[in-house]
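Notes to accompany the following structure.
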Amino acid sequence: MSSKIDYSLPLEYQTEQNRLNILGFWIFLGAEIVLFATLFGVYGVLYQRYAGGPTHQDIIMIKDVLIQTVLLLTSSFTMGIAIFEMRRQQLKGLIFWLVITLLLGAGFLFMEINEFIHYVHLGATMQTSAFLSSLFVLLGTHGAHVTFGIIWAIMVIIQLLRRGLTPTTARKTFIIGLYWHFLDVVWIFIFTFVYLKGMVG
Amino acid sequence: MEKHTNRFPISHVLGFIFSLILTFGAAYIALKTSLSFKVIMWIIGTLAVLQAGIQLFMFMHLREGEDGKTNVINIVYGVFMAVVIVVGSIWVMSAGHAAH
């Protein structure tokens with residue numbers, strides 16, 4: 001494997017190792033698409049099996065869902081700005097936008113946990129019906145990904161503070177950026193096919 | 001994959017504005033119109049796919065790098081698998097094959 005550095009490229013693409021790591025992460029994201037597809041598949045099959053328990057309209061707080069959506073959407077945008085700053089070699093700007101992204105992500109997570117508590121208070125738990133089991137597994141898997149992403153990004157920020165912008169730290173930042181955008185893509189489908197669909201039908 | 005020398009991230013801002021329009025557009029169509037369930041699902045499903053495309057191309061730079069083509073093939077295959085899994089599961093479980 002060559003360790004030649006190609007200075008004509010952005011930092012994160014400058015070494016062969018970096019390019020391979022980024023390609024590898026895209027392949028991982030392909031597998032993540034399939035993981036979430038299985039959960040969407042289960043939900044799509046079971047979403048009307050209420051077993052006498054609460055239905056979508058009984059539990060969904062659509063205003064809160066819209067706020068969650070805007071928080072995550074905005075955090076995906078600020079993550080994009082962070083990478084933009086990285087390509088301008090602005091370490092301070094990069095870290096600033098990463099922190100904003102994490103605050104928005106934490107806000108999303110806070111609202112989602114509140115939402116789950118609200119559901120449980122209404123008697124809508126994982127054990128209530130097949131609809132709710134599949135709903136909690138789908139939302140919970142996404143929420144767990146967001147939680148993991150926040151911890152991961154904090155560690156990347158610590159490395160950036162200690163080592164500055166190098167091809168290695170730039171690659172790590174770029175990859176957490178891809179991961180974060182991916183979580184927003186999954187949320188778009190949860191928003192559409194869980195919440196909006198639930199409110200319509 | 002240009003190194004950004006310009007100061008303003010125009011494609012990100014445009015992508016963000018489009019995403020907001022698509023999100024609130026979908027919410028409006030689903031919550032405030034009285035179209036049939038099927039029509040609404042087709043419209044908001046299409047909007048969701050469009051928005052995912054914005055994320056992939058405008059935010060994630062799907063096509064950049066020497067592996068751009070590999071990335072696209074990989075993601076297209078992932079999406080194909082996703083459609084087979086979701087549509088296939090729902091079809092098999094609701095078309096009467098499992099009714100016994």
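Quick note on labels: first sequence line is chain A, next is B, and so on, each numbered from 1.
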>> Below 4.5 Å, heavy-atom pairs only: which of B:V86, B:I75, B:N74 has the largest tally toward chain A?
In response: B:N74

> So how far is it from A:K197 NZ to B:F37 CZ, rounded to the nearest 0.5 Å?
Replying inline: 5.0 Å

> Do B:L31 and A:M199 have side chains that get closer than 4.5 Å, going by heavy atoms?
Replying inline: yes

>> Counting neighbours of CZ on A:F28 that are heavy atoms of other residues, nucleotides or ligands and sit closer than 6.0 Å, is the number greater than 12?
In response: yes

>> For the CD1 atom of B:I44 and the CG atom of A:L196, what is their distance to the nearest 0.5 Å?
In response: 4.5 Å

> Could you give the distance from CZ (A:F84) to OG (B:S11), rounded to the nearest 0.5 Å?
Replying inline: 8.0 Å

> Could you give the distance from CD (B:Q51) to OG (A:S76), rounded to the nearest 0.5 Å?
Replying inline: 9.5 Å

>> Taking every non-hydrogen pair under 4.5 Å, which of B:N71, B:I90, B:I85 racks up the most with chain A?
In response: B:N71

> Is the count of non-hydrogen atoms from other residues, nucleotides or ligands lying under 6.0 Å from A:F116 atom CZ greater than 12?
Replying inline: yes

> Within residues 45-53 of chain A, which positions have a heavy-atom distance to chain B below 4.5 Å?
Replying inline: A:V45, A:Y47

> How close do A:T192 and B:A48 get, heavy atom to heavy atom, and via which atoms?
Replying inline: OG1-CB, 3.5 Å

> Which atoms of B:Y77 come close to chain A, meaning under 4.5 Å heavy atom to heavy atom: side chain ones, backbone ones, both, or neither?
Replying inline: neither

> Heavy-atom distance under 4.5 Å between the side chains of B:F16 and A:T74, does that happen here?
Replying inline: yes

> Can you list the steps and then say if A:W26 with B:L62 is a side-chain contact (heavy atoms from CB on, under 4.5 Å)?
Replying inline: CA-CA 9 Å; A:W26 274 105; B:L62 176 65; 3.3 Å; yes

> When rounded to the nearest 0.5 angstrom, what is the spacing between CD1 in A:I81 and CZ in B:F8?
Replying inline: 7.5 Å

>> With a 4.5 angstrom heavy-atom cut-off, is it the side chain or the backbone of B:I40 that approaches chain A, or both, or neither?
In response: side chain

> In terms of heavy-atom proximity below 4.5 Å to chain A, should B:L20 be classed as side chain, backbone, both, or neither?
Replying inline: both

>> Given heavy-atom pairs under 4.5 angstrom as the criterion, report whether the side chain, backbone, both or neither of B:V49 touches chain A.
In response: both

> Among B:V76, B:T23, B:V83, B:I29, which has the most heavy-atom pairs under 4.5 Å with chain A?
Replying inline: B:T23

> For chain B, which residues from residues 100-111 of chain A have at least one heavy atom closer than 4.5 Å to it?
Replying inline: none

> Are any of the side-chain heavy atoms of B:T70 and A:L23 separated by less than 4.5 Å?
Replying inline: yes

>> Between B:H12 and A:I83, is the side-chain contact (heavy atoms from CB on, under 4.5 Å) condition met? List the steps.
In response: CA-CA 10 Å; B:H12 289 98; A:I83 301 300; 5.8 Å; no

> Do any of residues 152-188 of chain A come closer than 4.5 Å to chain B, heavy atom to heavy atom, and if so which ones, in number order?
Replying inline: A:F174, A:L178, A:H181, A:F182, A:D184, A:V185, A:I188

>> B:M41 vs A:F193, test: side-chain contact (heavy atoms from CB on, under 4.5 Å). Steps then yes/no.
In response: CA-CA 8 Å; B:M41 287 317 295; A:F193 291 105; 3.6 Å; yes

>> So for A:F77, is it side chain, backbone, both, or neither that comes closer than 4.5 Å to the heavy atoms of chain B?
In response: both

>> Please find the pair of heavy atoms, one from B:G78 and one from A:I33, that lie closest to each other, and give the distance.
In response: O-CG2, 3.5 Å

> Considering only heavy atoms, which portion of B:V13 lies under 4.5 Å from any heavy atom of chain A: side chain, backbone, both, or neither?
Replying inline: both

> Where along residues 57-71 of chain A does a heavy atom come under 4.5 Å of chain B, listed by residue number?
Replying inline: A:I62, A:L66, A:T69, A:V70

